[in-house]
Each structure stands twice: as C-alpha cells, then as structure tokens.
Amino acid sequence: MPLSWPYLIILVMDVKISDPENWVEQYADFLYAYTLKFIPNSDTAQNLVQETFLAALRSRDSFRGRSAEKTWLAGILRHKIMDYFKRRYREIPAGDFAAASDESMEQFFDRATGHLKKTPLEWQLNAAALLDKKEFWEAFHHCLGRLSEKTAAVFSLRELQGCKTPEICKLLGISKTHLWVMLHRARLQLRECLERNWFGKDAS
Amino acid sequence: MLRKILMRLPVISCEKASRLMSARMDRPLAPWEHVELVLHLAVCDGCREISRQIGFLRLLLGAWRHDLLEESWQGGPYLSREAKDQMKLELTR
C-alpha cells in the first residue's frame with residue numbers, strides 16, 4: 001500500500017493511544033485526585049476511577065486521538081461524577097425553604113442588624129504559591145468535607161467544573177433560588193473554614 | 001468627604017450585601033442591586049475583604065483545574081499501590 005500522507009496520519013494517531021495496561025500507572029492518581037475534589041470519600045472516588053477505566057476500555061475504538069488521552073479520560077470521569085450526583089441528590093423541587101436558608105446565615109450575621117458578626121482577617125492572596133502547596137489542598141479538602149454533602153457537590157460543580165446555573169439545576173432538579181442559596185452558604189462557610197485553617201494562621 | 005456622604009445614605013445590611021456579592025458570581029445583577037452592593041462595599045471594609053476572598057477562591061479553583069489537566073501535573077493525593085494493582089487486575093480481565 002502506498003504511504004500516502006492520510007495513511008501516515010492515521011498510523012501516527014493510532015500509535016498515540018497508549019496501552020490500557022499503562023493507563024493505571026499514567027492516569028489513576030490524576031483521576032483520583034480529580035474525583036476527591038468533588039466527592040471527599042476515598043472509597044467512592046476509587047470506584048469511580050475504576051468505572052472510568054472500564055468505560056474507557058469499552059469505548060476505546062471511538063477514541064481517535066482527537067484530544068489528549070488525559071482529557072478524554074477526564075471527560076468520561078466527569079460524566080460519572082455528574083451521574084453520581086444525579087442519583088444521589090436529585091429531588092422533586094421542594095417548596096419554600098427560605099426559613100432554612102436564613103437559619104444557616106445566622107452564624108455569620110447578626111439577626112437584628114444584618115451586620116457581619118466577625119470581621120474577616122486580611123488574606124495574603126497568592127494563587128501561584130498555593131497551587132503547588134500540598135498542605136493547602138489538604139486544608140481545602142478538610143474544609144470542603146465540612147460542608148453538607150449536597151452543598152459541597154453543588155459548589156464543586158459550579159467552581160471546579162464550571163457548570164452554569166441551568167445545568168446544575170437540571171441535573172439535580174432544584175430551582176435557581178435554591179442553588180444560589182446553597183452556593184452562598186458554601187462560599188461563606190468555606191471562606192471561614194479556610195481562614196481558620198490556613199489564611200488566618202502563620203502560614204506563607 | 002465622599003465617605004461621609006456615603007455613610008448617610010440608606011445602605012443595605014452586610015447580610016444582603018453578601019447575598020448580592022455571591023449572586024453576581026452566578027448571574028448578572030439588576031442595576032439597583034449593583035448600586036446597593038457598590039454602596040455597601042464602599043463603606044464596609046469587612047464585606048469588601050470577603051468579596052475579595054471569595055473571588056480569589058474562584059480564581060484559585062479554576063487555576064487548579066487547569067493545572068491538573070496539564071501533562072506535567074504531579075500532585076496528590078495518590079492512590080495506594082494495592083489500589084492500583086487491583087485496578088490493573090480489573091482492566092485486564
């Protein structure tokens with residue numbers, strides 16, 4: 001067969017797909033770390049990683065090297081995570097939960113005046129320094145784990161996944177208002193926890 | 001002088017301001033909501049710092065995700081050797 005260039009491209013693309021036997025060594029840690037940011041439970045995270053590899057194996061033929069292998073696997077994992085959330089947190093839209101939402105904000109604001117109860121400390125904001133800091137992410141992981149499961153899931157979908165409001169609402173069957181209340185709560189609680197466990201300490 | 005003027009205006013509470021500063025991360029604010037928030041932040045150091053901090057967290061998490069997808073990413077947490085061996089077993093069945 002003549003070595004025409006379209007043939008060569010296909011040949012090269014095939015060579016780029018690595019052997020599934022190598023997938024675990026190459027990608028398991030990455031997929032695991034990724035999952036833990038959404039689901040703080042190590043057993044569940046491990047299962048989802050396993051399921052991702054199996055799904056990837058089954059659909060291997062449809063992967064034609066259009067994107068990086070890592071991105072492809074991450075995409076499969078993302079679907080698994082969304083499905084997990086859907087199964088676990090989807091609910092019939094509830095009625096008015098304003099009372100419940102006001103209650104949880106009481107920890108931050110004076111009931112009568114609406115003033116901030118506690119003045120925040122000034123944080124050193126250095127994203128570049130924090131990205132590689134293992135200890136910071138451990139503190140973050142701890143703080144994420146302190147949120148209620150559903151609140152943490154919603155926050156992760158929004159901030160880590162970048163999902164938009166309608167997407168999350170559709171996935172979990174909640175109203176926009178409900179979502180925004182949860183995100184508000186998550187942001188304040190996370191902020192406070194991180195202040196106590198990281199930014200407020202003598203850490204650099 | 002400007003601060004004195006601002007402090008005489010009816011300013012929303014910290015609680016409402018915090019609701020708005022969070023909301024604007026998910027949807028556009030209506031013009032009056034925007035004005036209410038800006039006025040409050042102009043006179044409230046605490047809320048201004050909080051706004052800065054939650055904005056920073058968004059930035060940081062976005063950067064983390066981008067970082068993670070890089071081919072060179074080396075961070076943890078890591079799976080145990082046993083867990084990995086188990087996965088390899090499952091894959092090659």
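No experiment lies behind these values; they were computed from the predicted model shown. Proteins come first, then strands; the chains are lettered A, B, ... in the order of their sequence lines, and each starts at number 1.
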Interface residue of largest heavy-atom contact number with chain A, from B:T92, B:D85, B:L68, B:I12, under 4.5 Å: B:L68

Chain A contact via B:R58 - side chain, backbone, both or neither, heavy atoms under 4.5 Å: both

Distance-only polar pair, side chains of B:S18 and A:H184, donor-acceptor under 3.5 Å: yes

Contact class of A:L183 relative to chain B, heavy atoms under 4.5 angstrom: both

Within-4.5 Å side-chain heavy-atom neighbours: A:F155 and B:L61: yes

For chain B, the option from A:L125, A:L116, A:T119, A:L36 that forms the most heavy-atom pairs under 4.5 Å: A:L125

Donor-acceptor contact below 3.5 Å, side chain B:K88 vs main chain A:E25: no

Any side-chain heavy-atom pair of A:D29 and B:K84 under 4.5 Å: yes

SB check A:K176 B:D26 (cutoff 4.0 Å): no

Proximity breakdown for A:Q161 and chain B, heavy-atom pairs closer than 4.5 Å: both

pair B:S13-A:T113: side-chain heavy atoms closer than 4.5 Å: no

Engaged part of A:D132 at the chain B interface, taking heavy atoms whose separation is under 4.5 Å: side chain

Parallel, tilted or perpendicular: ring planes of A:W123 versus B:F56, cut at 30 and 60 degrees: perpendicular

Side chain / backbone / both / neither for B:D67 at chain A, heavy atoms under 4.5 Å: side chain

Residue pair A:W180, B:R27: steps toward the side chain to side chain contact (heavy atoms under 4.5 Å, CB included) verdict: CA-CA 9 Å; A:W180 292 333; B:R27 63 168 174 90; 3.3 Å; yes

Region of A:K37 that comes under 4.5 Å of a non-hydrogen atom in chain B: side chain

Gap separating the CG atom of A:L57 from the CD atom of B:E90, nearest 0.5 angstrom: 11.5 Å

Residue selection (most heavy-atom pairs with chain A, distance under 4.5 Å) from B:R65, B:M87, B:Q53, B:R19: B:Q53

Heavy-atom pair count under 4.5 Å with chain A, highest-scoring of B:R52, B:K16, B:M21: B:R52

Portion of A:N126 that has a non-hydrogen atom of chain B nearer than 4.5 angstrom: backbone

Chain A contact via B:M25 - which portion, at a heavy-atom distance below 4.5 Å: both

Under 4.5 Å from a heavy atom of chain A, the part of B:R81 involved: side chain

Toward chain A, the part of B:I54 with a non-hydrogen atom under 4.5 Å: side chain

Gap separating the NE2 atom of A:H115 from the SG atom of B:C14, nearest 0.5 angstrom: 6.0 Å

Residue A:A28 versus chain B: region with a heavy atom under 4.5 Å: both

Region of B:L57 in contact with chain A, defined by heavy-atom distances below 4.5 Å: side chain

Structural part of A:L188 lying under 4.5 Å from a heavy atom of chain B: side chain

When A:E138, A:E195, A:E122, A:E192 are compared by non-hydrogen pairs under 4.5 Å with chain B, the top option: A:E122

CH2 on B:W64 to CG on A:L130, rounded to 0.5 Å: 14.5 Å

